[in-house]
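Computed from heavy atoms alone, side chains included, the values below leave out hydrogens, waters and symmetry copies.
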Amino acid sequence: MNRLQFTPVAEATGHAAQLFAAIKSAVGMVPNAYVGIGSNSPHALEAALNLDAALKKGGLDGREIEAIKLVVSDAADCDYCLAAHTVLGQQAGVSAETLAAAQIGQSSDPRTAAALAFALKAVTQRAQVSDADVAQLHEVGFGDEQVVELLAHVALNLFTNYVNVAFQVPVDFPPVPLSRAA
């Protein structure tokens, strides 16, 4: 059971209603994660959506972003985001095997593997990364701008992870087991 009050999308007013309408127009539905945030703080939802939109214009491609979101969600024990980003990865044409590998921080692509290792370390060690960790990203082609964007994706994903975990937001995507639960 969720711990936040959810305003049904059809009953939302003001800024929340505007945000929900934009989300529904873009993706065909308003996921419960966004309903939970927007029902309680439209400003927090707007900030998250704006950061996500800005980062999508950056130097990481969509497959890298979804892989990062998967490993971060799994590390944060967020079954909601893990399920959502598995669906989004599938919609982007990523194979089930590639998605499952990303969930546990693995990839056959050296660039993605380095990004996943960095993201996982940033989460599990509270951003206590080393010079060597950053150098590894540079070695596989990440510039400093992309390194900062990678960390921004981690931070944004942790926000939604923490909202979903802390407030027990009901999952409205097909469930995906967390790696420790599989």
Side-chain angles (χ1 to χ4, degrees), residues 31 33-34 37 44-167 169 171 173-182:
Y34 291 158
I37 298 168
L45 178 58
E46 181 180 31
L49 294 172
N50 286 341
L51 180 55
D52 186 59
L55 289 173
K56 285 180 181 174
K57 297 175 191 173
L60 302 177
D61 70 36
R63 290 178 183 212
E64 291 170 329
I65 293 168
E66 288 307 319
I68 291 162
K69 290 180 178 187
L70 285 169
V71 75
V72 170
S73 297
D74 193 74
D77 291 335
C78 183
D79 58 348
Y80 188 100
C81 287
L82 184 60
H85 291 292
T86 297
V87 168
L88 292 170
Q90 291 167 339
Q91 290 174 348
V94 181
S95 72
E97 296 80 21
T98 300
L99 294 169
Q103 178 182 346
I104 58 172
Q106 298 177 358
S107 175
S108 59
D109 174 66
R111 180 179 159 98
T112 304
L116 293 174
F118 184 86
L120 189 56
K121 189 169 186 180
V123 173
T124 60
Q125 296 186 19
R126 298 183 187 173
Q128 297 298 314
V129 297
S130 67
D131 292 345
D133 296 322
V134 176
Q136 176 61 32
L137 291 172
H138 289 149
E139 288 172 17
V140 295
F142 286 95
D144 287 343
E145 178 179 348
Q146 294 164 319
V147 173
V148 170
E149 290 170 4
L150 193 163
L151 195 56
H153 280 289
V154 169
L156 173 58
N157 209 68
L158 282 174
F159 167 66
T160 57
N161 290 168
Y162 287 0
V163 165
N164 293 318
V165 172
F167 303 125
V169 174
V171 179
F173 291 93
V176 175
L178 295 164
S179 66
R180 287 172 294 290

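Within the 4.5 Å cutoff, the side chain of Gln103 has heavy atoms near those of the Val176 side chain. Annotation: side chain of Glu66 is not in contact with side chain of Thr86 (no heavy-atom distance under 4.5 Å). Using a 4.5 Å heavy-atom threshold, the side chains of Thr112 and Arg63 count as separate. By the 4.5 Å heavy-atom criterion applied to side chains, Val134 and Phe142 are not counted as neighbours. With contacts defined as side-chain heavy-atom distances shorter than 4.5 Å, the pair Gln146/Leu137 does not qualify. The shortest distance between side-chain heavy atoms of Pro110 and Glu139 does not fall below 4.5 Å. A heavy-atom distance below 4.5 Å is not found between the side chains of Val71 and Ile104. Between Ile68 and Leu60, some side-chain heavy-atom pair lies under the 4.5 Å cut-off.
Within the structure, ring-ring contact (aromatic ring centres under 6.0 Å, His included) pairs that include any residue of residues 55-111 comprise Tyr80-Phe173 (at least two apart or interchain). Pairs engaging residues 94-114 under the ring-ring contact (aromatic ring centres under 6.0 Å, His included) rule: none recorded [sequence neighbours left out].
Counting heavy atoms of neighbouring residues, nucleotides and ligands inside a 6.0 Å radius, atom OH of Tyr34 does not exceed 12 of them. When the shell of 6.0 Å around CG of Asn50 is examined, it contains more than 12 heavy atoms from other residues, nucleotides or ligands.
In this structure, SG in Cys81 is found 5.5 Å from CG in Asn157, a value given to the nearest 0.5 Å. One finds the CG atom of Leu150 at 8.5 Å from the CD atom of Glu64 (value rounded to the nearest 0.5 Å). Remark: Leu70 CG to Ile65 CD1 distance equals 12.0 Å, nearest 0.5 Å. Between atom CD of residue Glu149 and atom CG of residue Leu156 there is a gap of 12.5 Å, rounded to the nearest 0.5 Å. Atom CZ of Phe159 sits about 10.5 Å away from atom CG of Leu51, to the nearest 0.5 Å.
In terms of heavy-atom proximity, Ala119 sits nearest to Val154 at CB-CG2, 3.7 Å. Contact detail for Val171 and Ala83: the closest heavy-atom pair is CG1-CB, 3.9 Å. Across every non-hydrogen atom of Gly89 and Leu99, the tightest pair is CA-CD2, 3.9 Å. Taking both residues in full, the closest heavy atoms of Leu151 and Ala122 are given as CD1-CB, 3.9 Å, listed atom of the first, atom of the second, then distance. Considering all non-hydrogen atoms of both residues, Ala75 and Leu120 come closest at CB-CD1, 3.7 Å. Annotation for Val165 and Asp77: closest pair CG2-O, 3.5 Å, computed over non-hydrogen atoms.
Looking only at distances, a side-chain donor or acceptor of Asn164 sits under 3.5 Å from a matching main-chain atom of Thr160.
Every residue two or more places apart in sequence or in another chain that forms a side chain to side chain contact (heavy atoms under 4.5 Å, CB included) with Thr98 is listed here: Val94, Ser95.
A salt bridge is absent between Asp61 and Arg111: the closest approach of a Lys/Arg side-chain nitrogen to an acidic carboxylate oxygen does not fall below 4.0 angstrom.
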